[in-house]
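Note sheet for the following structure.
This chain uses plain numbering: 1 for the first residue, then up along the sequence. Computation of the quantities below employed the complete heavy-atom set of this structure, encompassing side-chain atoms and omitting hydrogens, waters and symmetry-equivalent molecules. In this text, all values refer to a predicted model and were calculated from it rather than measured experimentally.
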Amino acid sequence: QVRLVESGGGLVQPGGSLRLSCAASGFTFSSYNMRWYRQRPGKERELVAQITSAGDSTSYADSVKGRFTISRDNAKNTLYLQMNSLKPEDTGVYYCKFPLLPHWGQGTQVTVSS
């Protein structure tokens with residue numbers, strides 16, 4: 001069974017950093033492009049970043065470009081999102097997923113507040 005377990009969220013002050021992790025199992029992780037999404041309060045879920053299966057190409061939403069870095073370690077079946085220079089508007093629940101997977105994990109809460 002496909003399992004994606006997000007972790008690493010928490011409370012951080014504006015300007016701070018967090019590193020999110022997504023532990024994957026139940027599928028061939030190295031064969032899939034992976035994505036980070038977030039759902040901010042009162043807003044629809046949005047795509048934040050994407051990385052190709054080999055980790056050789058990345059893309060980002062304009063709102064996080066230059067501040068967030070998506071990466072992966074295929075040997076560890078783990079996806080990462082390094083978040084720097086965090087802003088209050090980055091607050092939300094962050095999820096990892098590959099395209100077309102029809103369900104979501106529990107996500108991890110990120111709160112940016114002073």
Side-chain angles (χ1 to χ4, degrees):
Q1 292 73 27
V2 171
R3 295 186 69 186
L4 294 167
V5 181
E6 301 93 343
S7 63
L11 176 64
V12 65
Q13 293 184 337
S17 297
L18 285 172
R19 191 193 196 205
L20 307 185
S21 297
C22 171
S25 62
F27 67 103
T28 305
F29 178 74
S30 61
S31 296
Y32 287 80
N33 294 350
M34 294 296 298
R35 295 170 170 176
W36 283 101
Y37 296 81
R38 69 185 178 190
Q39 188 162 25
R40 296 182 286 170
K43 301 185 183 297
E44 292 191 344
R45 208 184 325 250
E46 62 185 319
L47 179 64
V48 172
Q50 179 172 283
I51 188 167
T52 53
S53 58
D56 55 355
S57 184
T58 59
S59 61
Y60 300 90
D62 287 342
S63 58
V64 308
K65 200 169 297 180
R67 301 186 298 119
F68 290 12
T69 303
I70 188 171
S71 62
R72 66 194 298 159
D73 187 338
N74 284 345
K76 296 181 178 179
N77 285 1
T78 303
L79 179 73
Y80 303 99
L81 185 68
Q82 178 67 47
M83 305 186 295
N84 298 326
S85 302
L86 283 161
K87 304 174 180 180
E89 53 262 44
D90 294 318
T91 293
V93 181
Y94 285 70
Y95 303 86
C96 61
K97 201 172 79 69
F98 57 79
L100 300 181
L101 182 65
H103 61 263
W104 301 84
Q106 83 287 345
T108 186
Q109 175 71 46
V110 172
T111 303
V112 184
S113 177
S114 60

- Query: Are the side chains of Gln106 and Leu4 in touch, meaning some heavy atoms are under 4.5 Å apart?
  - Reply: no
- Message: Please give me the minimum heavy-atom distance between Tyr95 and Glu6, naming the atom from each residue.
- Response: CA-OE2, 3.4 Å
- Item | Within-4.5 Å side-chain heavy-atom neighbours: Leu86 and Phe68 | yes
- Task: Indicate the atoms forming the closest heavy-atom contact of Ser85 with Ser17, along with that distance.
- Result: N-OG, 4.3 Å
- Check whether any side-chain N or O of Thr91 sits under 3.5 Å from a backbone N or O of Val112 as a donor-acceptor pair, and report yes or no. yes
- Arg72 side chain vs Thr52 backbone, donor-acceptor pair below 3.5 Å: yes
- Message: If I take atom CG from residue Asp90 and atom OG from residue Ser63, how far apart are they, to the nearest 0.5 angstrom?
- Response: 7.5 Å
- Task: Begin from the C-alpha positions of Tyr80 and Asp73 and carry the test side-chain contact (heavy atoms from CB on, under 4.5 Å) through to its verdict.
- Result: CA-CA 8 Å; Tyr80 303 99; Asp73 187 338; 4.0 Å; yes
- Do Ser113 and Pro88 have side-chain heavy atoms sitting under 4.5 Å apart? no
- Could you walk me through whether His103 and Lys97 pass the side-chain contact (heavy atoms from CB on, under 4.5 Å) test, one step at a time? CA-CA 8 Å; His103 61 263; Lys97 201 172 79 69; over 6 Å; no
- Look at Lys65 together with Asp62 and state whether they make a salt bridge at an N to O cut-off of under 4.0 Å. yes
- Pair Asn33, Arg35: side-chain N/O donor-acceptor within cut-off below 3.5 Å: no
- Query: Are Tyr32 and Val48 connected in a single hydrophobic cluster, I mean Ile/Leu/Val/Met/Phe/Trp/Tyr linked by side-chain heavy atoms less than 4.5 Å apart?
  - Reply: yes
- Message: How long is the straight-line distance from CG of Leu20 back to SG of Cys96, given to the nearest 0.5 Å?
- Response: 9.5 Å
- Message: Starting from Leu11 and following side-chain heavy-atom contacts under 4.5 Å between hydrophobic residues (I, L, V, M, F, W, Y), which residues can be reached?
- Response: none
- Closest contact, heavy atoms only, Pro41 versus Gly92: CD-CA, 4.4 Å
- Look up atom SG in Cys22 and atom CG in Leu81, then write down how far apart they are to the nearest 0.5 Å. 10.5 Å
- Query: Are the aromatic rings of Phe98 and Phe27 close, with centres under 6.0 Å apart?
  - Reply: yes
- Task: Look up atom OG in Ser21 and atom CG in Leu79, then write down how far apart they are to the nearest 0.5 Å.
- Result: 8.5 Å
- Minimal heavy-atom distance between Leu47 and Trp36, with the atoms involved, is CD1-O, 3.6 Å
- Item | Shortest non-hydrogen separation from Gly107 to Val93 and the atoms involved | CA-CG1, 3.9 Å
- Message: Could you check whether any side-chain N or O of Thr78 sits under 3.5 Å from a backbone N or O of Lys76, counting only pairs where one atom can act as donor and the other as acceptor?
- Response: yes
- Query: What orientation do Trp104 and Tyr37 show, parallel under 30°, tilted 30 to 60°, or perpendicular over 60°?
  - Reply: perpendicular
- side-chain contact (heavy atoms from CB on, under 4.5 Å) evaluation trace for Gln50 with Thr58: CA-CA 6 Å; Gln50 179 172 283; Thr58 59; over 6 Å; no
- Within 6.0 Å of NZ in Lys43, more than 12 heavy atoms from elsewhere: no
- Query: What residues, two or more places apart in sequence or in another chain, satisfy side chain to side chain contact (heavy atoms under 4.5 Å, CB included) together with Thr69?
  - Reply: Tyr60, Gln82
- Query: What about Leu18 and Val5, same hydrophobic cluster or not, with Ile/Leu/Val/Met/Phe/Trp/Tyr joined at side-chain heavy-atom distances under 4.5 Å?
  - Reply: no
- Message: I'd like to check the side chain to side chain donor-acceptor pair (under 3.5 Å) partners of Glu46; sequence neighbours left out, ordered by chain and number.
- Response: Arg38, Arg40
- Could you give the distance from CZ (Arg3) to CG (Asn77), rounded to the nearest 0.5 Å? 13.0 Å
- When clusters are formed by joining ILVMFWY residues with side-chain heavy atoms under 4.5 Å apart, either directly or through shared neighbours, do Leu101 and Tyr94 land in the same one? yes
- Work out which heavy atom in Ser30 is nearest to a heavy atom in Ser53; give both atom names and the distance. O-CB, 3.2 Å
